[in-house]
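All ligand and atom numbering here is 1-based and tracks the order in the structure.
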Amino acid sequence: MEFDLYIKQGRLVRPSGTLRAGILVKDGRVAGLVSGNEKPAALRVIDASGKYILPGLVDVHVHFRTPGLTYKEDFPSGSRAAVYGGVTTVIDMPNVIPPTTGVGALRRKLGEAAAGSWVDFGLMAALTSGNIKALEGLAAAGAAGFKLFLDEVSGFLAPPRGESLKAALKIIAGTGLCCAVHAEEGPLIAARVARLKKEGRLDPPAHRESRPVGVEAEAIRRVADRARETGVRLHICHLSSGPGAEEVQRAKARAADITAETAPHYLLLDSAMMGRSGSLFKVNPPLRAAAHREALWAAISEGVVKIIASDHAPHTPEEKTKDNIWKAASGFCGVETLLPLMLTAVNEGRLSLNQLVALVAENPARRFNFYPRKGVIAKGADADFTIVDLEREKIIRAEELHSRSKVTPFDGYRIKGLPVATILRGRVVMENGILCGEPGGSFIRPVI
Ligand code: DOR
Ligand code: ZN
Ligand code: ZN
């Protein structure tokens with residue numbers, strides 16, 4: 001048999017260990033692994049000597065802004081940035097216009113995304129106070145899960161509360177999908193914002209003060225209790241604090257089906273680093289004091305946090321740069337820098353490459369029901385890889401990002417470890433910093 005692709009001489013990284021093996025690809029899937037001595041016939045051979053081969057990253061938290069907010073980002077630009085960052089599968093969030101609250105909106109978004117995506121993608125639907133009747137239909141239409149924004153104070157995507165939240169989580173439990181939660185309590189935030197505004201506060205620290213760690217911990221505690229009562233598979237997005245991690249741990253000990261993700265900015269940055277460009281660093285939840293960073297690293301090594309995702313949330317420089325912190329948009333780019341930043345952490349000895357593969361590929365694919373098609377290099381899996389050079393160094397420059405809105409808190413950050421090639425279902429889509437081929441990403445349905 002002639003194979004489509006043979007990647008030879010690489011070091012293949014799995015959570016359980018690293019092995020020297022060649023990878024054979026046929027029809028977009030891994031056809032088998034071979035030892036170094038064999039010489040299989042293939043249309044294309046890539047020599048990965050000196051490099052590591054990781055499964056393509058599965059970033060379970062991006063905002064590519066399609067439809068309705070495409071002046072910030074869209075699927076072609078966001079997914080291009082993903083490919084540069086070694087990410088081959090994303091899960092996109094539903095806070096777009098129109099929001100993904102019903103089957104019609106999901107189908108419309110799917111069509112627009114599929115027309116220009118460089119990566120495979122799943123789509124989250126929203127869980128709001130108004131769409132409980134639509135949840136089962138959304139699951140049947142292929143939603144990757146449901147996103148609940150507990151921090152919502154404006155009314156856009158307002159969450160159900162009390163008994164109706166419980167009823168909704170019961171329905172989601174029946175679908176087998178995850179309910180992913182932005183865990184900050186809206187009413188607590190609203191009261192603080194009102195007080196701070198009354199005091200005339202417009203400075204960046206005021207935003208952080210409006211969302212202290214207790215607001216996160218309280219939200220996790222409450223929603224985890226509902227998860228235990230309903231049996232729903234709960235996923236806490238962008239965990240940012242030590243007390244938040246303790247609540248996840250507590251819920252686990254009480255047998256809630258709960259996982260948590262954190263993001264590079266919570267692991268590597270802290271509030272003291274915000275300096276004069278404070279509004280560029282505005283994100284929800286906010287950056288914390290340095291001690292929380294260490295608590296999150298500890299939560300990773302203890303297995304309390306099993307997923308790292310980018311929360312790629314681009315806004316234009318104008319939207320991000322405001323003298324009045326309440327008027328600045330929250331969030332920034334992340335999908336392209338996720339892997340380089342974490343490889344730098346590997347080089348610094350904070351975690352192993354094997355642990356990293358679990359955190360950014362295998363665990364996210366498992367939790368969102370894309371495994372074993374995604375997240376693993378094994379026979380039969382999609383041939384999605386990122387080839388990594390752990391020695392390559394670079395300085396992150398905001399203006400060099402491939403997103404439409406080039407804002408990152410990591411501008412000027414020195415990294416060591418870069419993806420040098422990205423392969424999606426057997427096709428090379430990025431090689432040595434050059435985009436190749438065409439956007440051939442597909443919608444992926446979770447398999448329950
Ligand atoms: O900072 C954030 N930005 N946090 C969120 O939860 C939403 C996101 C966005 O969509 O911009
Ligand atoms: Zn969020
Ligand atoms: Zn988000």
Would you name the N/O/S atom of His182 that lies closest to the Zn ion (ligand 2)?
ND1

Pairing of Glu209 and Arg201 as salt bridge, 4.0 angstrom limit
yes

Is a donor on one side and an acceptor on the other found under 3.5 Å between the side chain of Thr70 and the backbone of Thr66?
no

Paired with Val13, the side-chain contact (heavy atoms from CB on, under 4.5 Å) test is passed by just one of Val388, Leu356, Leu54, namely Leu54

Got an N, O or S from His312 under 2.8 Å of the Zn ion (ligand 3)?
no

Exercise: do Ser240 and Arg288 side chains pair donor with acceptor under 3.5 Å:
yes

Taking only heavy atoms of the protein into account, state which residues are under 4.0 angstrom from an atom of ligand 1, in chain and number order.
His63, Arg65, Asn95, His182, Val283, Asn284, Ala313, His315, Ser330, Gly331

State whether His238 contributes an N/O/S atom found under 2.8 Å from the Zn ion (ligand 2).
yes

Provide the closest heavy-atom pair for Pro94 versus Met124 in the form atom of the first, atom of the second, distance.
CB-O, 3.3 Å

Whether over 12 other heavy atoms sit under 6.0 Å from Glu399 CD
yes

For this output row, return yes or no: ring centroids of Phe121 and Phe75 closer than 6.0 angstrom.
yes

Please identify which of these residues, His315, His63, His312, meets the side chain to side chain donor-acceptor pair (under 3.5 Å) condition with Glu73.
His312

Looking at the Zn ion (ligand 3), which N/O/S atom of Asp311 is the nearest one?
OD1

